[in-house]
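To keep things clear, I will list the structure first and then write my remarks on it.
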Protein chains: 2
Amino acid sequence: MKTRLFIVDDHYLVIEGIRSLLQQEDDIEWMGHATNGESCLAFLQNHEPDVILMDISMPGMSGIDLCKMVKIKFPGIRILGLSTFDQKSFVEKMIENGASGYVLKNAGKEELLKAIMAAKSFKSYLSFDAAQALRNPNDKELPVLTRREKEVLELIASGMTNQEIADNLFISSTTVDTHRKNLMLKFEAKNVAAMINLAGKGGFL
Amino acid sequence: MKTRLFIVDDHYLVIEGIRSLLQQEDDIEWMGHATNGESCLAFLQNHEPDVILMDISMPGMSGIDLCKMVKIKFPGIRILGLSTFDQKSFVEKMIENGASGYVLKNAGKEELLKAIMAAKSFKSYLSFDAAQALRNPNDKELPVLTRREKEVLELIASGMTNQEIADNLFISSTTVDTHRKNLMLKFEAKNVAAMINLAGKGGFL
DNA sequence: TAAACTATCCTGTAAAAACAGGATATTTCA
DNA sequence: TGAAATATCCTGTTTTTACAGGATAGTTTA
């Protein structure tokens, strides 16, 4: 039986490229594509692919969130993360959210096929660099932030002072300061500069 | 006569995808690919393609720098920027450095072909979003930083205080402060947090 | 070559963040 | 339900940045 494949990626050229690449494969049935999380969920109302190839960085809903939602609503669908980033935390988040594997965009066709076939038969597959990233203890985990902390973080990054943030959120400036302290603890950063840098690289901004 | 095409991109899947996509096109001759700037320059020692498709974000030499170098050494080669970023400053930099056009990865096959054909006949082509970006006055230009300013910027982002940076670079802390002031002026940022955020998004970190 | 840019250094003040060490409601979830 | 997590608030002190307003020597480049 053919593997029914669906792909979610905001880069149309990547979609067309992969489609063209897999067209000659007889055991893969191309079901279609979406360029964002919302259309993907809409598609799944009426169709059930075996495997979804999912970019993790997309405008709007991230692949990480999308993966979680799809897995809750449709536990039978296998998901493969497809990304340019080999950051440990991203790979981990996808696996935690139920993905069957993770393939980097600098992998080759063979690796992609291997991952799809593994997913199809309920096995998991990590591309070399992704597995490497997981093994790397230097690469710190991304901290888990609360909703409020994320709000404060973004306002800090926008250049506001504690007082301005306080006015903006209708809370006391000392509360903002507490959130700031907790953010720095979670990021293990010495000062804002380091924190904003880490937050940016971690995809929070 | 066929258009001899070469591609530079650090994502192998993108290369294979585009190759597969353009394989059926009779008027395009696929010359090969490189996954970084250095290999591209090495290839050009012995070969001369008509058009190079060039990713702008690559490990090591950026597409922007590579474009400049290729254009100096081989003015006859036309270069097309190929990227996920539709930031005004990136598009501008590529055009300034002699690129014939700029195509976003969320463009379709048709657009890519149009751009290649335009470049082939010494015309220029911008994909819709790239042209849109150029017209957008909100999107600020990236500041031009001196070598020293870049050094200081990175040390600030790493979490060092002015005194620590001073010790690191063997200069006075007041000098570091001056660089800091100039950096903030150039980024038009109110404080470090905003500056690091902008610097990160602008690709300086 | 003269103007523009770059890198270096200085003094001083005001504002903000970092650090320490609390407290208390409310929500979440096992 | 009861512990854990979250969000809120407070008083201090010390360190660091932000801002103002300089100066000087070397290096590019038009």
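Chain letters run A, B, ... following the sequence lines, proteins first, then strands; residues in each count from 1. The shown structure was predicted, so the numbers you read here are calculated from the model rather than taken from an experiment.
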| query | Which residue, B:Lys181, B:Arg180, B:Lys186, forms the salt bridge (charged side-chain N to carboxylate O under 4.0 Å, His left out) with B:Glu149? | reply | B:Lys186
| query | Do A:Arg148 and A:Glu151 meet the salt-bridge criterion of a basic N to acidic O distance under 4.0 Å? | reply | yes
| request: For A:Lys2 and A:Glu29, work out which heavy atoms get closest and say how close. | output: CD-CB, 4.0 Å
| Which residues satisfy the side chain to side chain donor-acceptor pair (under 3.5 Å) test with A:Glu164, sequence neighbours excluded? | B:Lys190
| Strand contacts (DNA chain D) in residues 161-173 of chain A, 4.0 angstrom heavy-atom criterion | A:Ile171, A:Ser172
| Separation of D:dT17 P from B:Leu155 CG (nearest whole Å) | 12 Å
| said: Main chain of A:Met58, side chain of A:Asp10: is a donor-acceptor contact present, judged purely on distance under 3.5 Å? | reply: no
| field | End axis versus end axis in the helix from C:dT1-D:dA30 to C:dA30-D:dT1, the angle rounded to 10°, five pairs used at each terminus | value | 80°
| said: Using a 4.0 Å heavy-atom cut-off to protein, can you give one letter per nucleotide of nucleotides 25-30 of chain D, 5' to 3': B if the base is in contact, S if only the sugar-phosphate is, - if neither? | reply: ------
| said: Please classify the nucleic acid contact of B:Thr174 as base, sugar-phosphate, or nothing, using heavy-atom distances under 4.0 Å. | reply: base
| message | Please classify the nucleic acid contact of B:Asn191 as base, sugar-phosphate, or nothing, using heavy-atom distances under 4.0 Å. | response | sugar-phosphate
| task | Output the distance between atom CD (B:Glu111) and atom CG (A:Leu13), rounded to the nearest 0.5 Å. | result | 8.5 Å
| Spacing of CG belonging to B:Leu22 relative to CD belonging to A:Glu16, to within rounding of 0.5 Å | 10.0 Å
| request: Could you check whether B:Thr175 gets within reach of a base, just the sugar-phosphate, or nothing at all, counting any heavy atom under 4.0 Å? | output: base
| task | With rounding to the nearest 0.5 Å, note down the distance linking NZ in B:Lys105 to CG in B:Asp55. | result | 4.0 Å
| query | Applying ring pair (Phe, Tyr, Trp, His ring centres under 6.0 Å), which residue pairs with at least one partner in residues 105-134 of chain B are found, sequence neighbours left out? | reply | none
| Over how many whole Å does the gap from A:Glu151 atom CD to D:dA7 atom C1' extend? | 11 Å
| message | Looking at A:Lys68, I want to see if its NZ is surrounded by more than 12 non-hydrogen atoms of other residues, nucleotides or ligands under 6.0 Å. | response | no
| task | Calculate the interatomic distance between A:Asn182 atom CG and D:dA5 atom P; express it in whole Å. | result | 13 Å
| query | Given atom NE2 of B:His179 and atom C1' of D:dT17, what is their separation to the nearest angstrom? | reply | 17 Å
| request: Classify the angle between the aromatic ring planes of A:Tyr12 and A:His33 as parallel (below 30°), tilted (30 to 60°) or perpendicular (above 60°). | output: perpendicular
| query | Of A:Thr178 and A:Met160, whose closest DNA chain C nucleotide lies nearer the 5' terminus? | reply | A:Met160
| said: Quick check on DNA chain D: between B:Val192 and B:Lys181, whose nearest nucleotide comes earlier from the 5' end? | reply: B:Val192
| message | With heavy atoms of chain B within less than 4.0 Å as the criterion, where does contact along DNA chain C begin and end? | response | C:dT6 to C:dT11
| query | Atom CZ of A:Arg148 and atom P of D:dA5: how far apart are they, to the nearest Å? | reply | 21 Å
| message | Once rounded to the nearest 0.5 Å, what's the spacing between atom OH of B:Tyr102 and atom CG of B:Leu126? | response | 10.0 Å
| Could you state the CG-C1' distance from A:Asp177 to D:dG12, rounded to the nearest angstrom? | 12 Å
| remark: Interatomic distance, CD1@B:Ile15 vs CH2@B:Trp30, rounded to 0.5 Å, equals 7.0 Å
| query | CG/B:Leu80 to SG/B:Cys67 distance, rounded to the nearest 0.5 angstrom? | reply | 10.0 Å
